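Numbers restart at 1 for each chain; the letters A, B, ... are given by sequence-line order, proteins then strands. Here the structure is a predicted model, which is why all the values come from computation and not from measurement. For the numbers below, each heavy atom of this structure counts, side chains included, while hydrogens, waters and symmetry mates do not.
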Amino acid sequence: MEMQFYPIDVDYVTNKAGKAVIRLFGRSTDGKRVCVIDSNFEPYFYAVPESKTKVASIRKEMEKIRVKHDESLFYVSSTEVSERKYLGKDISAIKVVVNHPKAVPAVKDIVKKISGIAMVAEADITFEKRYLIDKKISTLVLCSVNGEEFDANADVDLVLEAKSIEQTGEEMLSPKILGFDIEVYNKLRIPREEKDPILMVGFYSDNFKKVITWKKLDKAEKYIHFVKDEKELILEAVKTIKEFKPDYLVGYFSDGFDFPYLRSRAKKNNVELNINLDFSKISFRKRGELSSVQLTGFAHLDIYRFIKRITSGGEIQLESYDLDTVAKEMLNEGKADVEIPELAGAWDDNNQKKLKEFCKYNLKDAELTFRLTEKMLPNLHEFTKIIGQPVQDICRMTFGQFVEGYLLRNIQQFRELVPNRPSYNSISDRSMDSYEGAFVYQPSPGLYENLAVFDFRSLYPTIITSHNICPSTLTLDSKNAYETPEIEVNKRKIKHYFTSKHEGFIPIILRDILTRRNRIKEIIKKNGKDPILDARQYSLKILANSFYGYLGFSGGRWYSLECAQSVTAYARNYVQQVIEKAKKEFEVVYGDTDSIFIRLGKKTKKDALDFLKEINRGLPSLMELELENFYVRGIFVSKKSETKGAKKKYALIDEKGSIKVRGFETIRGDWSILAKEVQEKVLDMVLKENAPQKAINFVKEIIKQARQKKIDMKKMIIRRNLTKEIKSYEQIGPHVAVAKKMIEQGAEIPAGTTIYYIINEGKGMIRDRAKLPEESSSYDSEYYVNNQVIPAVKSIFEALGYKETYLKEDHAQSKLGEF
DNA sequence: CCATATCGGGG
DNA sequence: GTGTACGATATGG
């Protein structure tokens with residue numbers, strides 16, 4: 001029979017005959033959950049002989065290989081000579097086909113030892129990845145399959161054994177998404193998996209709301225479902241997922257919290273989290289402290305991980321990635337307003353009213369998770385389609401992995417053999433390599449008016465394409481080659497050369513990405529905004545911008561120090577050239593990596609634009625200097641202990657009154673709200689109103705209010721995490737001291753607990769005066785003035801020239817009366 | 001200057 | 001599992 005479907009999850013299993021078969025789980029066009037089995041794909045790798053002369057004898061030797069491993073026999077099924085390239089050079093490789101994916105590592109080790117073998121390649125690409133690459137299948141994109149119905153032990157509507165399968169369209173899956181979230185008993189601030197039960201599980205989707213809990217609530221909302229205990233709650237949650245049949249089950253930090261917690265509580269209650277479509281156990285792949293929780297048959301997404309990756313470094317800079325902040329920024333809607341530390345108390349006291357609120361809160365979290373996923377879907381899907389790997393992997397991949405995934409798929413057209421993933425040792429060797437990065441033109445601290453900012457459009461990608469920078473074009477021959485600017489290595493000046501006789505695969509692939517992106521941007525310009533096209537161009541932008549970093553990433557297969565060095569060398573050269581030219585007409589205020597900030601002074605905007613045109617006439621075709629914006633005012637500040645202006649620490653206001661702040665994120669979650677608010681307001685007054693004196697008066701007023709204890713205690717709360725067991729602390733910080741006192745009063749405080757505290761008035765050390773917010777009646781205003789307010793605004797006022805008068809090093813305290 | 005420590009998300 | 005392996009930033013020697 002014929003069927004069209006969207007593959008979502010791909011893996012392989014070994015069938016009764018001992019053969020590895022690929023399974024593609026997905027959704028058919030008529031809405032069924034399906035599993036397609038493809039048993040027509042063979043595992044293989046490549047062996048590269050030292051010279052062509054020995055190929056015949058090597059093949060004979062390889063074909064004799066037999067390895068016993070546990071119960072199975074691994075062997076070479078066939079070999080075949082394949083003319084390939086390796087980093088641009090022609091080589092003969094032998095394709096070695098083996099009887100099982102697990103035979104690859106075993107056989108590979110033996111092949112490596114055969115004399116006359118130079119290297120073994122592509123033995124480290126997983127079977128299912130290899131399948132997707134070779135079959136040119138992207139998950140989530142429509143596939144046609146011809147096959148026979150098959151009887152298999154899987155919780156799907158249809159299993160097909162494929163005779164043929166191919167990707168047939170561009171059309172994408174519209175997935176069934178189920179957001180979920182758990183609430184747990186939290187007498188202590190951090191719940192303990194062994195002791196504290198799960199109290200609620202919430203689910204949300206289009207036309208679907210459900211909260212499961214095990215305390216009966218009278219006159220509760222319809223969506224609340226009651227069960228008798230935690231065990232039943234877990235079973236009911238499993239049943240809910242089974243019946244809903246989502247394509248994506250989505251949580252927020254569910255890799256780090258919800259799933260590990262569910263697993264632990266399921267074990268405690270002696271029940272199985274039986275949601276995988278083949279009834280197998282859920283895989284928790286440890287990666288440092290965090291695990292990646294992978295389901296079989298459908299996708300588990302931790303949307304937090306994708307959002308964090310995709311937004312950092314982008315336009316919107318979030319100060320925190322907690323669900324409330326992210327949802328407010330992206331959905332204009334925050335979490336339900338409850339005091340989560342009160343949940344345990346409400347549960348113990350059977351406080352019906354409060355528990356109903358917590359149910360609502362639980363549902364809201366699931367809803368926000370669901371909505372964020374909907375919002376991110378265009379980007380998530382574009383990456384999945386471009387990179388061609390399952391959506392659950394894309395959701396967790398770094399940009400370096402994006403580049404490598406993209407190269408792996410697109411390198412095939414060049415017949416390039418894929419370099420091996422570097423060994424642990426070579427990674428650590430490579431990470432010793434250091435090289436010069438971007439150029440920074442240091443600003444003099446101060447307030448400037450009337451600025452123009454230029455930047456190079458996609459500077460690093462266009463440098464790579466314009467100068468043919470690629471591991472395959474690197475040459476020692478300076479004839480017919482691009483010559484880099486001088487590069488200083490160990491006090492010696494060197495240059496690299498990249499041939500101009502043929503184009504490297506990285507420049508070709510990258511140029512294709514850039515031109516595709518430009519085409520999409522033109523369509524958007526012509527036809528107006530379109531979220532899908534916008535996601536597509538943004539994905540291509542991120543991908544293109546990641547190539548340079550990838551070349552210098554020690555864990556990369558195509559790592560090349562020479563390439564990475566060359567990219568930054570060219571970049572420094574171009575930016576410095578523009579700065580030198582700009583200096584003849586304007587005052588240059590600042591420059592960093594790919595941007596130049598100039599003061600217009602008596603010159604006009606037109607003069608700035610003419611200058612831009614002039615520069616662009618001299619650049620290679622793909623490179624371009626663009627106007628980023630004109631700014632009314634800008635403040636450049638210096639970091640402490642630096643006299644010159646700091647890198648990337650400035651704030652600008654444009655003609656529309658919107659403020660752009662860079663590098664002020666020293667104010668993080670572990671500072672008081674007071675410090676954050678003061679800094680924000682000061683920047684506002686300086687930039688928007690051009691009123692430094694008013695800002696000073698404002699800070700003076702805040703200090704006065706602090707001293708008169710007129711500021712809300714909530715704004716004084718500082719939080720900090722305990723990273724280890726209390727006993728193992730040598731350095732007793734304020735948060736450690738608070739925790740110690742709590743323990744003395746009988747509390748249990750495991751590692752990982754967040755301690756909230758306020759510094760109280762009195763004599764002695766800071767740590768002895770740190771107390772829980774509920775135990776604090778007042779606060780030490782001098783501490784907050786000197787350690788929170790002043791540090792938050794100090795550098796801003798210094799840049800404005802108030803240094804000597806108002807802020808004298810650490811003795812600021814005595815001077816602050818005048819402040 | 002480079003090596004080590006901390007932190008994030010979740011309740 | 002055709003293994004594994006966070007990444008960015010702050011501090012401290």
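Comparing dT2(C), dG10(B), dG11(B) by their nearest atom to the side chain of T126(A) picks out dT2(C). Of the listed nucleotides (dG11(B), dG10(B), dT2(C)), dG10(B) has the atom at the smallest distance from the side chain of L323(A). Candidate nucleotides dG9(B), dT2(C), dG11(B) were compared by shortest atom distance to the side chain of P191(A), and dG11(B) ranks first. Each of dG3(C), dG11(B), dG8(B) was ranked by its minimum atom distance to the side chain of K308(A); first place goes to dG8(B). For F253(A), whose side chain is taken as the heavy atoms from C-beta onward, the closest listed nucleotide among dG11(B), dG10(B), dG3(C) is dG10(B). Distance from the side chain of K102(A) is smallest for dG1(C) among the nucleotides dG1(C), dG9(B), dG11(B). Taking every side-chain heavy atom of E128(A) into account, dT2(C) is the closest of dG11(B), dG3(C), dT2(C). Comparing dG11(B), dG8(B), dG3(C) against the side chain of Y304(A) picks out dG8(B) as the nearest.
Contact check on R130(A) versus E122(A) returns a salt bridge, with a Lys/Arg side-chain nitrogen under 4.0 Å from an Asp/Glu carboxylate oxygen.
For the P atoms, the distance linking dG9(B) with dA8(C) amounts to 15 Å, nearest Å. One P atom belongs to dG1(C), the other to dC6(C), and the distance between them is 15 Å to the nearest Å.
Side chains of Y460(A) and T593(A) form a contact here, defined as non-hydrogen atoms less than 4.5 Å apart.
Remark: I394(A) CD1 to R305(A) CZ distance equals 13.0 Å, nearest 0.5 Å.
Of the possible polar contacts, none joining the D9(A) side chain to the F25(A) backbone as a donor-acceptor pair under 3.5 Å is found. At least one donor-acceptor pair closer than 3.5 Å links the side chain of N186(A) to the backbone N or O of I340(A). With D324(A) contributing its side chain and K335(A) its backbone, the two residues share a donor-acceptor pair below 3.5 Å.
The distance between the ring centers of Y46(A) and Y44(A) falls below 6.0 angstrom. When ring centroids are compared, Y304(A) and Y321(A) stay outside the 6.0 Å threshold.
The residue I182(A) sits close only to the backbone: its heavy atoms come under 4.0 Å of sugar-phosphate atoms, none of a base. Base contact: P101(A) has a heavy atom under 4.0 Å from a base atom. Counting any heavy atom pair closer than 4.0 Å across all strands shown, D365(A) reaches sugar-phosphate atoms only and no base atom. Using a 4.0 Å heavy-atom distance criterion, D124(A) is classed as a base contact. Nucleic acid contact for Y46(A): none, since no nucleic acid atom lies under 4.0 Å from a heavy atom of the residue. Counting any heavy atom pair closer than 4.0 Å across all strands shown, S254(A) reaches no nucleic acid atom.
What separates CD of E42(A) from P of dT2(C) is a distance of 15 Å, to the nearest Å. Rounded to whole Å, the distance from CD1 on I133(A) to P on dT2(C) is 13 Å.
Helical stems of DNA chain B (runs of at least 3 Watson-Crick or G-U pairs, donor-acceptor distances under 3.5 Å) are listed by first residue: B:1-8 with C:6-13.
At least one side-chain nitrogen or oxygen of K335(A) sits closer than 4.0 Å to the OP1 or OP2 atom of dG11(B). Checking the phosphate oxygens (OP1, OP2) of dC7(B), no side-chain nitrogen or oxygen of Y321(A) falls inside 4.0 Å.
For the residue pair D181(A) and Y361(A), no side-chain donor N or O sits within less than 3.5 Å of a side-chain acceptor on the partner.
The side chain to side chain contact (heavy atoms under 4.5 Å, CB included) test applied to K281(A) returns E272(A), not counting sequence neighbours.
Sequence order on DNA chain C of the closest nucleotides to R421(A) and T398(A) puts R421(A) first from the 5' end.
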Distances for protein N or O near nucleotides 3-5 of chain B N or O, under 3.5 Å:
none

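Relative orientation of the F74(A) and H100(A) rings is parallel, given thresholds of 30° and 60° on the angle between their planes.
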